[in-house]
Amino acid sequence: MAEHIGLLDINEMLKVGEATKQNAFHILKSISFHLNSRNEYLLQEVILRAIEQREVFEEYSGMINDFARKIGLFPYLNPEELNLADKIAYEFHKPDGIGQDNIVFHRAQARVYFEILEGKNVILSAPTSFGKSLIIDAIIATRRFSNIVIVLPTIALIDETRKRLSKFRENFKIITHSTQDIAESNIFVLTQERVMEIIKDVNIDFFVIDEFYKIQPTPSDQERSIILNQAFYKLLKKGGQFYLLGPNIENINTAVFPDNVEISFIKTDYKTVITEKINVKIESTDEEALLNLCISLTEPTLIYCASPRSANKVASLLFNSGAFEKNALNDAAVDWLQEEYHEAWYLPLALKFGIGIHHGKIPRSISQYAVKAFNDGRLRFLVCTSTLIEGVNTKAKNVIIYDNKVARDKFDFFTFNNICGRSGRMFQHFIGRVFMFHQPPVEELPLVDFPLFSQPEDVPETLLMQMDNEDLSERSKERIKDLNENGILSLSTIKANSNIDPQSQINLAIHIKNNARMLYPDMRWNKFPTAQQLKITCTLIWDFLVDSVRMGNVSSGAQLSFKLNRLRAVKDIKNLIEIEIGNATEPEKVNDAIENTLEFVRFWAQYNYPKYLMAVNRIQQEIFSQYKVTPGDYSFFATEIECLFTNSLFVALDEYGIPLQTSDRIKAALDTTGNLDRLLFSVKNLNLERLKISSFERGILEDVKTQV
């Protein structure tokens, strides 16, 4: 046997399972020889593989501990097996604060933690498995900050984060909605849109932005990027310390930051799990290769698809294959979903066989159930789109990248890495596997710019209009000079409609002013509009504020008006689905009709229409007030549409995991007279035995009761 085995050879031996108790000492001796290798990434992978196979090296656990300490993997050490020097190092990597006794950082985490404690603004680029959120928890536990804001890209992440932070409820109030009262010490867990709404009059001393790379606009997601920039600007102006985190960023444009904002950019490839990439051999069709691969996998597996349509096709392929046994663990959910939505919906049909579906058309509470069922082991597969890739943690051992697109656009190397990062999980799967149906995109080194500071020529005016004059460059001031001095619409109204293009607002104001006499009878409504009044506002929204030929399966103001009228006439999602299905009988067409209905409800009724309607409302109120006539007031109807004509607070409960149907069913037992705090208190004190609800609903409520 050679004196020392090369590091690459050791890695391969461990990878293919050639380490045995007979050659264990020689392998460890060779690893020890390479401990000062310049290839730290390879050394770290080798040691992680050795840790995963501890049973092979059980006679030499002391050496394994030495290796783990050498590369800073303190969370994987057993403190009872450490010598004095190692125990001192181990204790040094434990954070201070209440409830942190069982937490220990790895080396790279400790660096970030201590830099934040030193008062530095930290921007971190680290792999998905790094444990970036653990640092947030440790900072909260120090109690050196009173008002903390955590900005997240999706509502799904709000729910996950709120549940994780519930352990701090004795010292902090966790706020996710504007209807909650603000306490002395608060943790605000918000999307960027809610930041703009909630933190206006609150002193913020520390804030976090997750997935901060989204601050750089892209053609496919410019609107949300602008709002994130606005949120970052508002938080920054409050003078709080910040921690921005995201994966796979090569560098940031630090030169554009204001002189009074000092930052520490930390880029690390430090990993706590290994990602193995495997090319799938396709001998006939992608579908056949996927099915054969899924049959061979027994561990929890995410299957990434480009779109809801693709995800549904994949799920249908699996549950119709006959290759998977039925899973009775989800029967209660299946029965409820088929009763409340439709018996032919792909989601409950898939759940019967231990297959979940997660994409943007599915109601939030149901998506949460799918993730929880997957993490609890009740689902073997979770077929998903990018809605799950943006930070939601799962217990996936494997990720199958079936499509190489997000919607219609091929994903870049950055997104590819983000998807790959969903495989493996610290302490659960040391090695995650990624099965690829396509060649990965060309490797690139992304540089993230902060347009609110750099203010390039193509920065949207929507962002510039929200900034103070002293923070604008001379070129930016010149660009928005005409908008500020438009003479039609006040700056306060334009700013209130923060996510609407300023020139589009002005154009709409000009149109209303020029046609005031004709439009006023159809725009002075309040509470509920007539069909004609609704059509007028929808037409104005579409013609002036919607920058798209087709959006959310709607292609005109008249069509938007028609669908909204149908929604308020029916008010029941199940009946709405039946109308949409009509005479269709083919399974795919029936499922499309179901999800087209759900998409309209979520995309238009619960988000975009209320947003646009309130923009029109502010504009018409300003214009008609100039004529000394009573303007309309659309706020009541906007709220009614957003909550689907149920209690407005039930939308918030949907985000907590309680479906709207359930909230409506038990409304007599809930306190709906006040704000969300009082409603949550009544949920926490529900006597579930007295409620006439299904076992599925009872299980959901039991889970939520422990989290509020």
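One-based numbering along the sequence shown.
- With sequence neighbours excluded, the residues forming a salt bridge (Lys or Arg N to Asp or Glu O under 4.0 Å) with Glu588 are Arg309, listed by chain and number.
- Listed by chain and residue number, Glu193 satisfy the salt bridge (Lys or Arg N to Asp or Glu O under 4.0 Å) test with Arg224 (two or more places apart in sequence, or in another chain).
- Put simply, the side chain of Thr597 gets close to the backbone of Ala593: a donor and an acceptor are under 3.5 Å apart.
- Taking CG of Leu291 as the reference point, atom CG of Leu318 lies at 6.5 Å (rounded to 0.5 Å).
- Put simply, the side chain of Gln44 never gets that close to the backbone of Ile71: no donor and acceptor are under 3.5 Å apart.
- Taking the side chain as every heavy atom from C-beta outward, Phe414 and Ile249 approach each other to under 4.5 Å.
- Within 6.0 Å of atom CD in Glu81, more than 12 heavy atoms from other residues, nucleotides or ligands are found, so the atom counts as buried in its surroundings.
- Put simply, the side chain of Lys397 gets close to the backbone of Ile431: a donor and an acceptor are under 3.5 Å apart.
- Residues His359 and Arg602 approach most closely at O-NH1, 4.4 Å, considering heavy atoms.
- Side chains of Cys643 and Val651 form a contact here, defined as non-hydrogen atoms less than 4.5 Å apart.
- Partner His106 forms a ring-ring contact (aromatic ring centres under 6.0 Å, His included) with one of Phe130, Tyr76, Phe74 and no other, that one being Phe130.
- Under a cut-off of 6.0 angstrom, the local environment of CD in Glu325 is sparse, with at most 12 non-hydrogen atoms contributed by other residues, nucleotides or ligands.
- Val112 is not listed as a side-chain neighbour of Phe105, based on a closest heavy-atom distance of 4.5 Å or more.
- Val399 places none of its side-chain heavy atoms less than 4.5 Å from the side chain of Cys420.
- Residue Lys574 places its NZ atom among more than 12 non-hydrogen atoms of other residues, nucleotides or ligands, all under 6.0 Å distant.
- Residues satisfying the side chain to side chain donor-acceptor pair (under 3.5 Å) criterion with Tyr41, sequence neighbours excluded, are Lys271.
- A search for side chain to side chain contact (heavy atoms under 4.5 Å, CB included) contacts involving Asp664 returns Thr646, Phe650, Lys667, not counting sequence neighbours.
- The backbone N or O of Met551 sits less than 3.5 Å from a side-chain atom of Trp604, completing a donor-acceptor pair.
- Counting only distance, with no hydrogens or angles, the side chain of Gln368 and the backbone of Glu655 share a donor-acceptor pair below 3.5 Å.
- Smallest separation of non-hydrogen atoms from Ile274 and Arg49: CD1-CG, 3.3 Å.
- With Asn327 contributing its side chain and Arg378 its backbone, the two residues share a donor-acceptor pair below 3.5 Å.
- Checked by atom type and distance alone, the side chain of Arg194 never pairs as donor or acceptor with a backbone atom of Thr191 at under 3.5 Å.
- In this structure, CG in Leu679 is found 4.5 Å from CG in Leu653, a value given to the nearest 0.5 Å.
- With sequence neighbours excluded, the residues that form a ring pair (Phe, Tyr, Trp, His ring centres under 6.0 Å) with Phe381 are Phe324.
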Apply the test side chain to side chain donor-acceptor pair (under 3.5 Å) to residues Thr20 and Asn23: give CA-CA distance (whole Å), side-chain angles for both, the deciding distance (0.1 Å), then the verdict.
CA-CA 5 Å; Thr20 64; Asn23 63 14; 3.2 Å; yes
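- By the 4.5 Å heavy-atom criterion applied to side chains, Glu58 and Lys21 are counted as neighbours.
- The residue from Trp345, Tyr369, Tyr341 that alone fulfils the side chain to side chain contact (heavy atoms under 4.5 Å, CB included) condition with Ile362 is Trp345.
- Residues Asn553 and Glu599 bring a donor and an acceptor atom of their side chains to less than 3.5 Å of each other.
- Of all non-hydrogen atoms in Ala315 and Ile357, the two that sit nearest each other are CB-CD1, 3.6 Å.
- With sequence neighbours excluded, no residue satisfies ring pair (Phe, Tyr, Trp, His ring centres under 6.0 Å) with Tyr304.
- In this structure Leu297 satisfies the side chain to side chain contact (heavy atoms under 4.5 Å, CB included) test together with Leu293, Glu299, Thr301, Asn398, Ile400, Arg433, Phe435, sequence neighbours excluded.
- In this view, Asp335 satisfies the side chain to side chain contact (heavy atoms under 4.5 Å, CB included) rule with no residue, not counting sequence neighbours.
- The minimum heavy-atom distance between Ile10 and Ile27, with the atom names listed, is CG2-CG2, 3.9 Å.
- By the side chain to side chain donor-acceptor pair (under 3.5 Å) test, Thr662 is found to be paired with Glu697, residues two or more places apart in sequence or in another chain being considered.
- Rounding to the nearest 0.5 angstrom, the gap separating the CD1 atom in Ile594 from the CD atom in Glu578 is 8.5 Å.
- Considering only residues two or more places apart in sequence or on other chains, Asn687 meets the side chain to side chain contact (heavy atoms under 4.5 Å, CB included) condition with Glu689, Arg690.
- With contacts defined as side-chain heavy-atom distances shorter than 4.5 Å, the pair Lys589/Thr585 does not qualify.
- Ion pairing between a basic and an acidic side chain is recognised when a charged N comes within 4.0 Å of a carboxylate O; Arg364 and Asp159 show no such pairing.
- For the pair Asp210 (side chain) and Ser133 (backbone), a donor-acceptor distance under 3.5 Å is absent.
- Within 6.0 Å of CD on Glu18 lie more than 12 heavy atoms contributed by other residues, nucleotides or ligands.
- In terms of heavy atoms, Asn591 sits closest to Tyr346 at OD1-N, 2.9 Å.
- Judged by distance alone, the side chain of Glu288 and the main-chain N or O of Thr285 form no donor-acceptor pair under 3.5 Å.
- Around atom CD of Glu287, more than 12 heavy atoms belonging to other residues, nucleotides or ligands sit under 6.0 Å away.
- Remark: Phe430 CZ to Gln53 CD distance equals 11.0 Å, nearest 0.5 Å.
- For the pair His438 and Ile401, the minimum side-chain heavy-atom distance is 4.5 Å or more.
- For Phe411, the ring pair (Phe, Tyr, Trp, His ring centres under 6.0 Å) criterion is met by no residue, not counting sequence neighbours.
- Here the side chain of Asn65 pairs no donor or acceptor atom with the backbone of Leu77 at under 3.5 angstrom.
- Under the 6.0 Å distance and 45° angle rule, Arg107 does not count as a cation-pi partner of Tyr270.
- When all heavy atoms of Ile150 and Leu165 are compared, the closest pair comes out as CD1-CD1, 3.6 Å.
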What pairs of donor and acceptor atoms, side-chain ones from residues 698-708 against any protein atom, are under 3.5 angstrom apart with sequence neighbours left out?
from: Arg698; atom 1: NH2; to: Leu688; atom 2: O; distance (Å): 3.3
from: Arg698; atom 1: NH2; to: Leu691; atom 2: O; distance (Å): 3.3
from: Lys705; atom 1: NZ; to: Lys684; atom 2: O; distance (Å): 2.7
from: Lys705; atom 1: NZ; to: Leu686; atom 2: O; distance (Å): 3.1
from: Thr706; atom 1: OG1; to: Asp703; atom 2: O; distance (Å): 2.7

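- We find the CD1-CD1 distance between Ile136 and Ile187 to be 10.0 Å, quoted to the nearest 0.5 Å.
- Residue Ile577 holds its CD1 atom at 10.0 Å from CD of Glu340, rounded to the nearest 0.5 Å.
- Annotation: side chain of Gln338 is in contact with side chain of Lys352 (closest heavy-atom distance under 4.5 Å).
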